[in-house]
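Shown next, in structure tokens, is the structure this report addresses.
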Amino acid sequence: MAYLNIKGIKENTFDVIVVGSGIAGGWAAKEFTEKGLRTLVLERGRDVKHIRDYPTTNMYPYEFEHRGEPALSIRRENPIVSRCYAFREDAMHFFVKDGEHPYVQVKPFDWIRGYQVGGKSLLWARQTQRWSDFDFDGPVRDGFAIDWPIRYKDIAPWYSYVERFAGISGNRDGLAELPDGEFLPAYPLNAVEDHFKKSLLGKYGNRHVISARGAHISKAGKVHYDQGRAQCQNRRLCQRGCPFGGYFSSNASTLPWAERTGKLTLRPFSVVESVIYDDKLNKATGVRVVDTNTKTVTEYFARVVFVNAAAINTNLILLNSVSSRFPNGLGNDSGLLGKYVAFHNYSARISAEFDGLKQFTTDGRNPVGGGYIPRFRNLHKQETNFLRGYAAGFSAYRSSETDTSGIGEALKSALVTRRLGPWKVGSHMMGETIPKESNFVALDREKKDQWGMPLLKISVDYDDNDVKMKRDYIEQLSEMFVTAGFKNIHVNAASQSPGLDIHEMGGVRMGNDPKTSLLNKWNQLHHCRNVFVTDGACMTSTSTQNPSLTYMALTARAADYAVEAMRSGNI
Amino acid sequence: MINRRTAIRQVMILAGGMALVPSLVKASGGPSIALRNLVLSGEEESLMASVAEIIIPKTQTPGARDLNLHLFVMKMVDDCYDEGSQQRFLRGLKVFSGIDAASLKELVVSVNFGKAVADEDAKYFYRVMKQQTINGYMNSKYVMTNLIVWELVPARYNGYFPVKS
């Protein structure tokens, strides 16, 4: 299908190809173009230009046909994506509908995707915490997966590097398990979040409630203005795209930055079918692209390829990149490509009420949501009947009560004279799951999608460790709520399928040993050194932290290494 | 003259049997907005407008009719409810038809306070009607810009905002 000619090769040749324009791809684009390299960014979805393509960003609630609620016909056609909290009238155009890219669920898995320039960076929850060595040491200490090839000291300067550019709000909390970063001012805890923090310190000592750290410009500086971004205006309408660039997205930040260098070529509507491997040169020479509008196949060439298509699609591309050297997928001598997929266990929530502190309420909106409780279980040593632990979100708000029992004039005046009710509090768990060979993605050998790509089979499930950890979260948080004097405690342990956490990771994991891993410590394929993976697919374990900040740091670090390797002729 | 309460009770008793009131629905125009699923006559639309106005009447400020809240209710029931709920809503609606304005008001008020002996469909119709009328009202441009102002750009957050007593 592919056509080749000399002119085509020259026109289609770049220094670097980046597959994907989400959080990781955007960073790769910025780093390479800034360093003067001609960079092609391939995005399977449509273009979304900052501000111009945020159609709902300044809409009022009454401007939405159903005041935000997706119509029943849409929910019926899209049962998977409808389970995502952000799939509402204001942002549904940024989500992939169920029928647009089918996959095979060997076990139930809610694969939530954003196919457009910027990917899910438009939609993410913007929580950004660094990993610590409690996380990087985890697999070795607790005997699961394989050892990470890096430690905190390897990535720490790159965390700083990306934080300064992206804009991360937070306090310097001085916790070893959650290292401090280059922070803009934190969004402070509110009265009841503070009360919870103090109650826990009094009883436990090692359980901390800190201001959630988030990718919001709480105080704009030159580095943000230079990107065309301004201070966050506390709208909390982030999923629509922010006209102020108040939160970090590829669209507001890295991609326009890359564009201004003149070195960026952005090609939307480009499904990457495979990475092209040259058996004689023993390296990748480029990628094969299916144009989603015309279905024509075009080849693009470069010295280096960064595959950042989002964790599961990165697995798909590498699995589909077969050659005589790599019959089972690019770089897959170990046979582990697609395996050891893991995620975050978000399957429990707890809520309650608090009768105190009624002299306070909140005013305005907190864009990062409230508080964050770093992992406290099994931190320094194994102390429970399950491995690892969980972080937790925690937030409080003052409820308001409206009497709707009446009718007519009485109802009408009751509706606009709200009384403040008690504070309401809520928490959700974010549990580390253990990567296992039995949790995997693989190609379906029969079914193909509309672009001729094999469908992915996804077989990922919870295990006994997750069940025990969830039980512990419920017990511990309930006890912590009681300690703080919270009442009417309600546990919501309704199961949700893996995937809905939107933190799927692994399949192309990093490691020191090519026999047990796909990528080395620089995110290079062990067996194909000019191909790099720095999105969620590269993760050896999952920790409890939200992963995006780590993808940014790994990407900037790997790009820096790749540029040096290109200059010294190593790749 | 029949006592109004008796008339209402009779309507409620007849309510289960739709066959008894077909002529009221027939021979009228269609609804004023395009509907995908609900089959609704112009008369039924105007009945919904009347019920919405009883729930949120015009006072010194606009009422349900001024804000076209019945059209919002129609839109929501048409697009966001399943077929069973829509049919139930329509069956319940018919219970309220064919009576004069004063009787309608009395009936609606009685159902609101759980006093009328309404059948389950009638109660369901009213519950949806009230819930979505309130939803439409609270999320109307009028309320959101005049009575309880919704801010597009708050530009602030205070977690210790003092409550005025």
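Numbered from 1 within each chain, the chains take letters A, B, ... in sequence-line order. Hydrogens, waters and symmetry mates are skipped; everything else that's a heavy atom, side chains included, is used.
- For A:T361, the parts sitting under 4.5 Å from any heavy atom of chain B are the backbone and the side chain alike.
- The local environment of NZ in B:K105 is sparse, with at most 12 non-hydrogen atoms from other residues, nucleotides or ligands closer than 6.0 Å.
- Heavy-atom distances place no part of A:Y187 under 4.5 Å from chain B, backbone and side chain included.
- Neither the backbone nor the side chain of B:N37 comes within contact range of chain A; no heavy atom of the residue lies under 4.5 Å from a heavy atom of that chain.
- For A:Q231, no part sits under 4.5 Å from any heavy atom of chain B, backbone or side chain.
- Listed in order of number, the residues of residues 83-91 of chain A that approach chain B to under 4.5 Å between heavy atoms amount to none.
- Between A:E353 and A:K424, at least one side-chain N (NZ, or NE/NH1/NH2) sits under 4.0 Å from a carboxylate O, which counts as a salt bridge.
- For chain A, the nearby part of B:S140 is the backbone; its heavy atoms alone come within less than 4.5 Å.
- Using a 4.5 Å heavy-atom cut-off against chain B, the contacting residues of residues 395-410 of chain A are A:R398, A:T404, A:S405, A:G406, A:I407, A:G408, A:E409.
- Using cut-offs of 30° and 60° on the angle between ring planes, the pair A:Y60 and A:Y62 is parallel.
- Neither the backbone nor the side chain of A:L357 comes within contact range of chain B; no heavy atoms are under 4.5 Å apart.
- Both the backbone and the side chain of A:L415 come within less than 4.5 Å of a heavy atom in chain B.
- Taking 4.0 Å as the cut-off between side-chain N and carboxylate O, B:E43 and B:K94 do not count as a salt-bridged pair.
- For a residue to count as touching a neighbouring chain, one of its non-hydrogen atoms must lie under 4.5 Å from one of that chain's; by this rule A:P70 touches chain B with the backbone only.
- With a threshold of 4.5 angstrom between heavy atoms, B:K130 approaches chain A through side-chain atoms but not through N, CA, C or O.
- Contacts of A:R75 with chain B are made by side-chain atoms alone, with heavy-atom separations under 4.5 Å and no backbone atom involved.
- Proximity to chain B is absent for every atom of A:S218, based on heavy atoms less than 4.5 angstrom apart.
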